[in-house]
Amino acid sequence: MNKRVYLLFICLSILLVQNIFAQKKLLTNFPNGFTLKEIRSRLVYRFVNSKHALYVGKWIGYYETFTHSAAFEYAVVDKLMKLIQDKSDYLLTKEKQYLPPRNHVDLNTFGSLPLKLYKVIKKKCYFDLGMSYADSQWEVSADANPKQKEWADKGYTWQTRLWIDDMYMIPILQIEGYASVFYADNHNNKETVFEVQFKKGGYGEGSDFPNTFAPFNSGTNVVQVGGTGGNNIPEMDIYNAYEDGDLRRDFSMALGYNDSRKGGKSEALNQNGKTAQACDCLNQVRRRGFGYQTTETSPVDIKTSDKNEFFLIVEHERRVELAFEEHRIRTGRASKRFKLNETNLITPIPQKQVDVNPELKQSDYQITPK
């Protein structure tokens, strides 16, 4: 009996190995007419030349959406996008009656298609159509039933359903809608709180926004403390914040220098109770600032095991390391230092954003102390 089992095991093993090698051969040696590219092209042409798969005989259903999505991906690879675009344009002009309503998760999946097209073709009509489907999933329909309203009250889309396929149907649209927020040609959209525009030309790529904080006509020259004119003249307070021998003082007041990754890591270590390791990281920044080798012990090294003391030390280091680099770090002590009312620490929300989003309430800010 044991011999029979042994022989059977050997035979099965041989068959398994043969099958594995056979599969590898099948996946690498395609016969003529059946290569991956040919199959992809066939799928694209089949989709383009086929009739619409209508949901309940009226609108484009989710099954066509998923077929269209695959055809789109293959068309991009094989440079057949003109075929997809022509079919889509015909749908939007001559076959509008097939566009599905925005009242069911199965139908809303269609919105992912025009958003995919927009990424490649950049026609505004595709973007507007796709976003109308994406946004409608967060705008509770007047016909929504109690369960759908319950989902909306919990912060979910009102089209939520706990069906396994819906775990794909909702993201296929919402992921495309979310990605559109970050398109370069969709700047200043309604999801934005604050943006700085970047441009080409002049001094190169970038924004001139930081220039408003630089000393007037300073160029690459140090603007002396107490100088006249300019937007951001150094005062003695920041000048005296540097210790004797700290090379960052003159450099910061000319160009600025930022190598604060070690400083940021040291703060994280300190917050997690690893103050000794935090000192090692911060000392690398200090050594470079004073002209020492960053990997060697120096006279300017900080040594402390007190978490609160280190917090104050790294705060000072941030000040001198990042001077004139447009950083604003909240510590909670500004009101005492500058004798400010607490409301002076609150920034007003731009009125334009309040106008766009009625749910926003203006912050309780004050321009001058009470």
**Report entry** Within 6.0 Å of OH in Y74, more than 12 heavy atoms from elsewhere
**Finding:** no

Report task. Take atom CZ of R42 as the centre, draw a 6.0 Å sphere, and report whether it contains more than 12 heavy atoms from other residues, nucleotides or ligands. Result -> yes

Query raised in the report: How far does CG of N308 sit from CD1 of I313, to the nearest 0.5 angstrom?
Result: 11.0 Å

Query - R319 with D237: basic N within carboxylate O range, under 4.0 Å - result: yes

Requested in this report: Would you give the length of the straight line joining atom CD of Q284 to atom OG of S298, rounded to the nearest 0.5 angstrom?
Outcome: 11.0 Å

Query - Verdict with supporting geometry, Q159 and Q148, side-chain hydrogen bond (donor to acceptor under 3.5 Å, both in side chains) - result: CA-CA 6 Å; Q159 294 186 4; Q148 291 171 329; over 6 Å; no

Query - Distance (rounded to the nearest 0.5 Å) between H104 NE2 and Y62 OH - result: 9.5 Å

Requested in this report: Please determine if R102 forms a cation-pi arrangement with Y133, meaning its NZ or CZ atom is less than 6.0 Å from the six-membered ring centre and no more than 45° off the ring axis.
Outcome: yes

**Report entry** L54 backbone acceptor or donor facing Y63 side chain under 3.5 Å
**Finding:** yes

Query raised in the report: Is K147 close enough and on-axis enough to W151, meaning under 6.0 Å and within 45°, for cation-pi?
Result: yes

Report task. Report the C-alpha separation of T275 and N270 in whole Å, then their side-chain angles, then the decisive distance to 0.1 Å, and conclude whether the side-chain hydrogen bond (donor to acceptor under 3.5 Å, both in side chains) test is met. Result -> CA-CA 5 Å; T275 305; N270 185 55; 2.8 Å; yes

**Report entry** Carboxylate-amine/guanidinium proximity below 4.0 Å for K94 and D89
**Finding:** no

**Report entry** Hphob cluster co-occupancy, Y45 + L91, side-chain heavy atoms under 4.5 angstrom
**Finding:** yes

Query raised in the report: Are F66 and Y168 close enough that their ring centres sit under 6.0 Å apart?
Result: yes

Query raised in the report: Is the backbone N or O of G177 less than 3.5 Å from a side-chain atom of S180, with the two atoms forming a donor-acceptor pair by type?
Result: yes

Requested in this report: Salt-bridge test for R318 and E267: reply yes if a basic N is under 4.0 Å from a carboxylate O, no otherwise.
Outcome: yes

Query - R40/E73 under salt bridge (Lys or Arg N to Asp or Glu O under 4.0 Å): CA gap, chis, key distance, verdict - result: CA-CA 9 Å; R40 290 197 306 260; E73 300 296 341; over 6 Å; no

Query raised in the report: OH of Y178: more than 12 outside heavy atoms within 6.0 angstrom?
Result: no

**Report entry** Closest non-hydrogen atom pair between L282 and S266, with its separation
**Finding:** N-CB, 3.9 Å

Query raised in the report: When you measure from the side chain of D246 to the backbone N and O of Y242, does any donor-acceptor pair fall under 3.5 Å?
Result: no

Query raised in the report: With no hydrogens and no angle check, is any side-chain donor or acceptor of W158 less than 3.5 Å from a backbone partner on E139?
Result: yes

Query raised in the report: Roughly how far apart are N103 CG and N108 CG, rounded to 0.5 Å?
Result: 7.5 Å

Query raised in the report: Is a side-chain donor-acceptor pair under 3.5 Å present for T35 with E38?
Result: yes

Requested in this report: Without swapping roles, check the side chain of E176 against the backbone of L115 for a donor-acceptor pair under 3.5 Å.
Outcome: no

Requested in this report: Would you give the length of the straight line joining atom CG of L129 to atom OH of Y126, rounded to the nearest 0.5 angstrom?
Outcome: 10.0 Å

Query - Sidechain-backbone polar pair: Q174 side chain, A134 backbone, donor-acceptor under 3.5 Å - result: yes

Requested in this report: Begin from the C-alpha positions of R46 and N49 and carry the test side-chain contact (heavy atoms from CB on, under 4.5 Å) through to its verdict.
Outcome: CA-CA 5 Å; R46 180 175 177 81; N49 296 322; over 6 Å; no

Query raised in the report: Is it true that L173 and V140 fall in one hydrophobic cluster, defined by side-chain heavy atoms closer than 4.5 Å?
Result: no

Query - Nearest-0.5 Å distance, OG1 of residue T65 to CG of residue L113 - result: 5.0 Å

Query - P100 to F110 - nearest heavy-atom pair and separation - result: CG-CB, 3.7 Å

Query raised in the report: Could you go step by step and tell me if Q351 and D355 meet the side-chain hydrogen bond (donor to acceptor under 3.5 Å, both in side chains) rule?
Result: CA-CA 6 Å; Q351 186 58 45; D355 295 338; 3.0 Å; yes

**Report entry** Electrostatic pair E309-K303, nearest N-O below 4.0 angstrom
**Finding:** no

Requested in this report: Report yes or no: does Q85 contribute a side-chain atom to a donor-acceptor pair with the main-chain N or O of I121 at less than 3.5 Å?
Outcome: no

Query raised in the report: Okay, side chain of T160, backbone of Y156: is any donor-acceptor separation there less than 3.5 Å?
Result: no

Query raised in the report: Is there side-chain contact between Y292 and R288, with heavy atoms separated by less than 4.5 Å?
Result: no

Query raised in the report: Is the side chain of N283 donor-acceptor paired with the backbone N or O of I302 at a distance under 3.5 Å, no angle test?
Result: yes

Report task. Before giving the answer on salt bridge (Lys or Arg N to Asp or Glu O under 4.0 Å), spell out for K274 and D280 the whole-Å C-alpha distance, their side-chain angles and the decisive distance to 0.1 Å. Result -> CA-CA 10 Å; K274 301 178 181 179; D280 291 339; over 6 Å; no

Report task. Please name the pair of heavy atoms, one in G61 and one in Y55, separated by the smallest distance, quoted to 0.1 Å. Result -> CA-CB, 3.7 Å

Query raised in the report: Given the rule in the side-chain contact (heavy atoms from CB on, under 4.5 Å) test, do D306 and F310 qualify, once you have shown the distances and angles that lead to the verdict?
Result: CA-CA 6 Å; D306 187 290; F310 183 86; over 6 Å; no

Query raised in the report: Less than 4.5 Å apart, any side-chain heavy atom of V354 and any of Q362?
Result: yes

Report task. Identify whether I84 and I39 are in the same connected component of the hydrophobic contact network (ILVMFWY, side-chain heavy atoms under 4.5 Å). Result -> yes

Requested in this report: Before giving the answer on salt bridge (Lys or Arg N to Asp or Glu O under 4.0 Å), spell out for D301 and R286 the whole-Å C-alpha distance, their side-chain angles and the decisive distance to 0.1 Å.
Outcome: CA-CA 7 Å; D301 284 1; R286 286 180 55 80; over 6 Å; no

Query raised in the report: Do NZ/NE/NH1/NH2 and the carboxylate oxygens of K124 and D128 come within less than 4.0 Å?
Result: yes

Report task. Quick one: closest heavy-atom pair of A53 and E64, and the distance? Result -> N-OE1, 2.7 Å

Requested in this report: Can you establish whether the number of heavy atoms outside W163 located under 6.0 Å from its atom CH2 is more than 12?
Outcome: no

Report summary line: W59 and L99 have their tightest heavy-atom pair at CD1-O, 3.6 Å

Query raised in the report: Is the shortest side-chain N to carboxylate O distance from R287 to E296 below 4.0 Å?
Result: no

Query raised in the report: Under the salt bridge (Lys or Arg N to Asp or Glu O under 4.0 Å) criterion, do K149 and D153 qualify, and how do the steps go?
Result: CA-CA 6 Å; K149 293 178 180 178; D153 291 339; over 6 Å; no

**Report entry** Over all atoms of both residues, closest heavy-atom pair of V44 and A71
**Finding:** CG2-O, 3.6 Å

Query - Whether over 12 other heavy atoms sit under 6.0 Å from K307 NZ - result: yes

Query raised in the report: For K87, which residues count as a side-chain contact (heavy atoms from CB on, under 4.5 Å) partner, sequence neighbours excluded?
Result: F47, H52

Query raised in the report: On the ring face of Y118, is K122 found with NZ or CZ under 6.0 Å from the centre and within 45° of the axis?
Result: yes

Requested in this report: Group every Ile, Leu, Val, Met, Phe, Trp and Tyr by side-chain heavy-atom contacts under 4.5 Å, then state whether V181 and V356 land in the same group.
Outcome: no

Query - Shared hydrophobic cluster, W138 / I172 (ILVMFWY, side-chain heavy atoms < 4.5 Å) - result: no

Requested in this report: Answer yes or no: is there a side-chain heavy-atom contact under 4.5 Å between E243 and V300?
Outcome: no

